[in-house]
Amino acid sequence: MEAATILEVASGSKLQVEKASPANTEQPEASLKQWVGSPTPQLLPTVEVHPKIWLPRALRQTYIRKVGDTVNLLIPFQGKPKPRATWTHNGCALDTRRVSVRNGEQDSILFIREAQRADSGHYQLCVQLGGLEATATIDILVIERPGPPQSIKLVDVWGSNATLEWTPPQDTGNTTLLGYTVQKADTKSGLWFTVLEQYHRNSCIVSDLIVGNSYAFRVFAENQCGLSETAPVTADLAHIQKAATVYKTKGFAQRDFSEAPRFTQPLADCTTITGYDAQLFCCVRASPRPKIIWLKNKMDIQGNPKYRALSHLGICSLEIRKPGPFDGGIYTCKAVNALGEASVDCRVDVKTPN
């Protein structure tokens, strides 16, 4: 009797069993049972959404943290069905004692409770779905304060200047140095003052030191975390000596300021009204100080109570008190000293009110 059997396979293929002859009618049944007992082929799931990692912009450059800080990175991705996410550190598996990972449906979280310098390096996230995968690399740098410069030496002192030299620190804190901070302190106050900041060379000249003081110097190394915790101090003090100064006086001829009287401002003619005081002014220059004489119509009026004469710093004045019609005339101011004399005149008119 002819028998034909068809076996449905998950992949859609069909398996047909050939006719069996009467002589061996039991062999096909045994063969079919043997095939059914073999393992079923594994099938790849259908990919609905290709895997892709959305790396935040802040993580596209080196991610810098300080020693002891927490690292908590959330990296979103896509893929359907849920892809398989794995992390590596510098191409090796993560140290689960220090780094923990949580994978969700659409993101993966990398968490380090207290970062150490050994945690620096390249972290790669790989998202796999079927035969497809997406990768993203994050560079993490864990830094700390640098060590102090190894030594500092006072090389030379001249005038009010001092030259210093030092050697770089052995430990830069796992990052590049921003420079050095140089400080000085005088032995009188003992206070430290910053001279240079973020200085890049290993030697410098400190200027404007105060004469008579003695100074010590120290140097800090600096990076993104700040200054080194300690700083080496110069073993020798810089003593700023006071140079001996010799003053040479030049001989000079004594200038003679003596001069004969000379009026720099003459008297001015004036008109006044009867009963109203009038004043006359002039300026004279002379050395030694001249004697001032006032005249009216060439007659000396010194000591006359009707007139009041003053002289101060070369300014001469004459006050005519309540002049009458007979007080008009020519008034003269004469200056006399040992070198000569000079005089100026003016006319004074006294009018009677209508």
Could I get the full list of side-chain hydrogen bond (donor to acceptor under 3.5 Å, both in side chains) partners for Q128, not counting sequence neighbours? R84, E133

Residues that P232 engages under side-chain contact (heavy atoms from CB on, under 4.5 Å), provided they are two or more places apart: P148, P149, I152

Using the test side-chain hydrogen bond (donor to acceptor under 3.5 Å, both in side chains), find all partners of T352 that sit at least two apart in sequence or belong to another chain. none

Side-chain donor-acceptor contact under 3.5 Å, K188 with N213: yes

My understanding is that a hydrophobic cluster links ILVMFWY residues whose side chain heavy atoms are under 4.5 Å apart, including indirect links. Using that, what else belongs to the cluster containing F326? none

Using side-chain contact (heavy atoms from CB on, under 4.5 Å) as the criterion, list what pairs up with P83, not counting sequence neighbours. F77, V127, L129

Least distance between heavy atoms, A134 atom then I53 atom: O-CD1, 3.5 Å

Tell me, please, which residues at least two apart from D349 pass side-chain hydrogen bond (donor to acceptor under 3.5 Å, both in side chains). none

The remaining residues in the hydrophobic cluster of W192, counting side-chain heavy-atom contacts under 4.5 Å among Ile, Leu, Val, Met, Phe, Trp and Tyr, are V233

With ring-ring contact (aromatic ring centres under 6.0 Å, His included) as the rule and sequence neighbours excluded, what pairs involving residues 113-171 come up? H89-Y123, W166-Y180

Within the side chain of N304, is there an N or O that forms a donor-acceptor pair under 3.5 Å with the backbone of Y307? no

Shared ILVMFWY cluster between I240 and I210, side chains joined below 4.5 angstrom? yes

Do F217 and V211 share a hydrophobic cluster (ILVMFWY, side-chain heavy atoms under 4.5 Å, transitive)? yes

Any donor and acceptor pair, going by atom type alone, linking the side chain of K306 with main-chain N or O of R321 inside 3.5 Å? yes

Not counting sequence neighbours, which residues clear side-chain hydrogen bond (donor to acceptor under 3.5 Å, both in side chains) with S120? List them please. N174

Pairing residues for K52 by the side-chain contact (heavy atoms from CB on, under 4.5 Å) criterion, not counting sequence neighbours: W54, Q78

Tell me yes or no: between the side chains of T332 and D345, is some donor less than 3.5 Å from an acceptor? yes

Using the salt bridge (charged side-chain N to carboxylate O under 4.0 Å, His left out) rule, collect all pairs that involve residues 153-177, keeping only residues at least two apart or in two chains. R117-D171

Are L59 and I140 in one and the same hydrophobic cluster, where Ile, Leu, Val, Met, Phe, Trp and Tyr link if side-chain heavy atoms are under 4.5 Å apart? yes

Which residue pairs satisfy the ring-ring contact (aromatic ring centres under 6.0 Å, His included) criterion with at least one member in residues 254-299, sequence neighbours excluded? none

Any donor-acceptor N/O pair, D327 side chain to V350 backbone, under 3.5 Å: no

